[in-house]
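Chain identifiers are assigned alphabetically (A, B, ...) following the order of the sequence lines, protein sequences preceding nucleic acid strands; residue numbering begins at 1 within each chain.
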Amino acid sequence: MISQYAQVIINQPSIHIDQYFDYKIPTALLGEIQEGQRVIVPFGRGDRTVDAFVVGIKDHCDIEDNKIKEIIQIIEEAPTLTANQLKLAKWIRDYYICLHIEALQVMIPGGMNIVKKERVFLNLARITEKCIGKNNTLESKVVQYIQEQNRPMDLDTIYRTFPGQENKRRIKKMVRENYLDVQEKFYMGIREKEEKYIMLSGKYKSQEDYLKEIKNTAHKQREIIMHLDHFPYKLRDIKNKLNISNSSIESLLKKELISITSKMVFRNPYHNRNFQNPRKTLTGEQKNIIEQFEYLIKKPSQKMLIHGVTGSGKTEIYLNMIEKMLKMGKQSILLVPEISLTPQMVERVIGRFGEQVSVLHSHLSHGEKYDQWKRIKAGKTNIVVGARSAIFAPLKSLGLIIIDEEHETSYKSSNRPRYHAKEVAEKLCEIVDCHLVLGSATPSIESYHSTENREYHLLSLKNRIDHIPMPDITLVDMRNELKEGNYSILSKELRRAIEQNLQEKHQSILFLNRRGYSTFVSCRKCGYVEKCPKCDVSLTYHQNNHRLLCHYCGYTKPTPKICPCCKSRKIRFFGTGTQKVETIIKKEFPQARILRMDVDTTRKKGSHDQIINAFKNQEADILIGTQMISKGLDFPRVTLVGVIIADTSLNLPDFRAAERTFQLTTQVAGRAGRSVLSGQVIVQTYEPSHYSLIHAQQHDYDNFYKEEINLRREMQYPPFKKLINIVFTGEDEESLIRKINTFYLQLTDYLREAGKGHLINDIFKPVPCSISKIKNKYRWHLIIKTNDLLLFSHILKKGYPKGVEESNNLNIAIDINPMSII
DNA sequence: AGCACGCCGACT
DNA sequence: GTCGGCGTGCTC
């Protein structure tokens, strides 16, 4: 009999144990252990039990026989992860430089982690023998406490009852010396939800016969029986209705008069919602794209980019593609930027495919997520709609991944692993041989570039549905307004347009990428600016509570009436946020009904939908909002979109600033004139000649792209070179600077020694981040701009440079292909 | 990370 | 001689 060994990854996120550990598969489990399963193994000197992922199985292992241990137990029969997912996890680990366990953990929904419960029992024989429990020591108190509770206690509860390091150590010692026995139990953090049902046991035929067995004084029991029947009712309903306790139920059970059964329930976030989305006739352009799609997917693993102007019917194309896949017996994943911002997409997919659709996103509870995941895993779903992490949905025969609004930054994770769903999707397509479709009205420069080098097929939709014309976009030079003595945030033109729209009873959207009232507060006399004491940003004035607020850490303080610096009364508010826009619009158009949508008005659950629905039902004339109103929303009666200041995103110190501005302007303009009513867009700016605005005005992606790609080539920014952003954060700025400089020097030294000296110029010297402090933590970064991403990630992965490690007061974030370098 | 081991000083 | 505090190093 040959032995088999399992390669496992211990579920403990630490760099020191980020490696494979080999365990012998015990004879009892031979043939049972599979890749992707979670198991329990003894680990470390004390053989403490931990859970681990089996990532490989082999017949031989190089570890000495006396060192090797055996797997204790399997947690779940069915492997949690598939072989393909394990492959993908390895790629994520290497590409994004994270721990192997982090790459595995990101593939399963939160709440599915394994929890270890340690139940404590008193070993009374040993306790009396050694006379513990008599004196007033901690040991005796613990014994007394457990005795008083009169039930097995969780070790954790005992630690919490007797807090402190010292106590913990002594309790551990009691366990080690067998005064306390510990029974370990592993279980999943989330369980299937069960609903209990109650019915008559079937012992008798008529209710009277049942009642004969119950004393006349047991009113509650009699009442219960009278409400029951020979088919099941929900126990919870009966309990609530009759206001009964468990004891009456228990006595009835004892007499075998009732029976209780339980049924697994599926926590469906979309239950009793009925969406309808009948199939639409395709336009010529749409048909053409579907035909190209059908042709292309005959070949292995094709990648396509649909560049379709806003309102050109990309969703209908996605639905058709998914349908084609279903006919071929293949499943699809449809990624959307953020479910809560694109409820219409989910409705349309469910409306078309109904029960076959699963929805996965971060607003689901752990239980809901787990149920959706299980349904997908069981093969009950053929379509998964979801945000970024839905790319890891465990579909068995994946044929197509669609990424809608592929340029959106929310596809990039800001936690480890800092993956981008598009890059993961590309890798996944390679692994499972499926197809990838990206869609956007404003494709990212990188994606569009890959259509030029034929990596992606470009599919274009140049016209809106029903040939609704693109809205007219006017750029208003706010410098002229100033010259003409108009100091208002509204230009004459925008004011006139709003007024006219109000008269015609059409709706308007006003967009501004800043929340709050004023963006900074300053003294006109001495120039003092109110800044956050914990962050390197100015405080925003909020009108509702008349306080200053930090948008990064939430710090807040009352607005000063006199300057804290020079004691003058010349404190003034500068800059404009959505609150100020709201106030001004209210003043200038008192008859208008106004809604405001930003982080401050959508904090409550459901308020998001509420605002959108109110506006859709024409309960308001004007919607004022930030980014969150710019995407995916379809309001047919909106004919005017006003951008209060387009320059906000333009002046960010980031190489993607122009791209962002073009995207944002185009997307927000796309909210106008989506029906027979034609639309008008007014963009206010201090820089009307900027190419991103000019091309947005002319709905001219191609020329924007040409101009932008030339700049990128000139500056050697992505896609021409890849970026790595390494951010050091910590409370002690001095040691932070010292460490990042050491890091830099070691990197350059390493390159020199490895004969790669010419790559030293790829590394920029460490500098403070644009926002140099957040929440009292200083931030410095080091940027690598290179053609040799693999070499650098290899160096960084090997833990090089050594000596600079994360600690309590130093955090190192390595971001491969960052979305922003601010 | 979490734990045992081992060295050292303090104290019964 | 024993206890426990903390630095070191290993975990299949």
Side-chain angles (χ1 to χ4, degrees), chain A residues 2-30 33-75 86 90 93 98-105 113-118 130 132 135 137-140 142 154-156 158-160 162-180 182 184 186 415-417 799 802-812:
Chain A
I2 13 155
S3 308
Q4 282 205 319
Y5 303 89
Q7 271 186 320
V8 311
I9 296 293
I10 303 294
N11 185 11
Q12 211 157 250
S14 160
I15 184 85
H16 307 288
I17 51 167
D18 183 36
Q19 60 172 88
Y20 299 123
F21 287 96
D22 293 344
Y23 281 85
K24 197 171 166 194
I25 300 176
T27 13
L29 294 179
L30 272 174
I33 301 277
Q34 300 169 59
E35 280 185 0
Q37 257 170 349
R38 290 191 284 181
V39 292
I40 295 165
V41 293
F43 188 66
R45 291 204 229 213
D47 277 348
R48 75 206 144 85
T49 50
V50 293
D51 66 297
F53 282 87
V54 176
V55 292
I57 290 169
K58 47 188 196 174
D59 295 331
H60 288 280
C61 96
D62 309 325
I63 309 294
E64 298 146 58
D65 236 27
N66 58 345
K67 264 186 144 185
I68 210 144
K69 298 176 184 175
E70 288 193 351
I71 291 179
I72 295 173
Q73 183 197 327
I74 300 174
I75 297 173
L86 293 179
K90 274 188 196 170
R93 174 197 65 186
C98 67
L99 303 178
H100 202 143
I101 190 64
E102 290 170 328
L104 292 167
Q105 214 73 65
N113 39 350
I114 302 300
V115 181
K116 178 175 170 179
K117 205 169 217 168
E118 292 162 298
K130 294 277 171 180
I132 286 182
N135 41 27
T137 57
L138 169 82
E139 283 75 10
S140 68
V142 170
D154 281 355
L155 192 52
D156 257 347
I158 295 172
Y159 287 148
R160 260 183 276 123
F162 303 94
Q165 277 307 112
E166 166 69 16
N167 285 346
K168 192 168 181 177
R169 196 204 313 280
R170 286 168 74 170
I171 295 165
K172 272 188 185 168
K173 201 174 166 200
M174 289 175 78
V175 175
R176 213 167 39 239
E177 293 175 354
N178 288 322
Y179 297 109
L180 304 176
V182 172
E184 291 178 342
F186 287 85
N415 306 316
R416 267 194 313 202
K802 291 190 175 64
V804 186
E805 279 177 354
E806 285 194 302
S807 64
N808 284 343
N809 49 24
L810 177 65
N811 182 281
I812 304 176

What nucleic acid atoms does [X] come within less than 4.0 Å of, heavy atoms only: base, sugar-phosphate, or nothing?
{"X": "A/Gln7", "answer": "nothing"}
{"X": "A/Phe43", "answer": "base"}
{"X": "A/Ile68", "answer": "sugar-phosphate"}

Rounded distance in Å - [atom1] ([X]) to [atom2] ([N]):
{"X": "A/Lys116", "N": "B/dG2", "atom1": "NZ", "atom2": "C1'", "answer": "11 Å"}
{"X": "A/Glu102", "N": "B/dA1", "atom1": "CD", "atom2": "P", "answer": "11 Å"}
{"X": "A/Ile10", "N": "C/dC10", "atom1": "CD1", "atom2": "P", "answer": "18 Å"}
{"X": "A/Asp47", "N": "B/dA4", "atom1": "CG", "atom2": "P", "answer": "10 Å"}
{"X": "A/Arg48", "N": "C/dT11", "atom1": "CZ", "atom2": "C1'", "answer": "8 Å"}
{"X": "A/Ile63", "N": "C/dT11", "atom1": "CD1", "atom2": "P", "answer": "9 Å"}
{"X": "A/Gln19", "N": "C/dT11", "atom1": "CD", "atom2": "P", "answer": "9 Å"}
{"X": "A/Gln4", "N": "C/dC12", "atom1": "CD", "atom2": "C1'", "answer": "16 Å"}

| query | Does a nitrogen or oxygen in the side chain of A/Lys172 sit under 4.0 Å from OP1 or OP2 of B/dC3? | reply | yes
| task | Determine: side-chain N/O of A/Lys24 to OP1/OP2 of C/dC12, distance under 4.0 Å, yes or no. | result | no
| query | Taking A/Lys69 for the side chain and A/Gly44 for the main chain, is one N or O donor matched with an acceptor at less than 3.5 Å? | reply |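 It does hold such a pair.
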| field | Any donor-acceptor pair under 3.5 Å from A/Tyr23 side chain to A/Pro42 backbone | value |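 A pair under 3.5 Å: yes.
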| field | Carboxylate-amine/guanidinium contact A/Arg160 A/Asp154, below 4.0 Å | value |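 Here A/Arg160 does not pair with A/Asp154 in a salt bridge, since their nearest N and O are not under 4.0 Å apart.
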| From A/Val115, A/Val50, A/Thr49, residue fulfilling side chain to side chain contact (heavy atoms under 4.5 Å, CB included) relative to A/Phe186 |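 Considering A/Val115, A/Val50, A/Thr49, a side chain to side chain contact (heavy atoms under 4.5 Å, CB included) with A/Phe186 is found only for A/Thr49.
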| 5'-most by nearest nucleotide on DNA chain C - A/Arg45 or A/Lys69 | A/Arg45
| remark: Closest to the side chain of A/Ile17, out of B/dG2, C/dC12, C/dT11, is C/dT11
| task | For residues A/His100 and A/Phe53, establish whether the separation of their ring centroids is below 6.0 Å. | result |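 Centroid separation for A/His100 and A/Phe53: 6.0 Å or greater.
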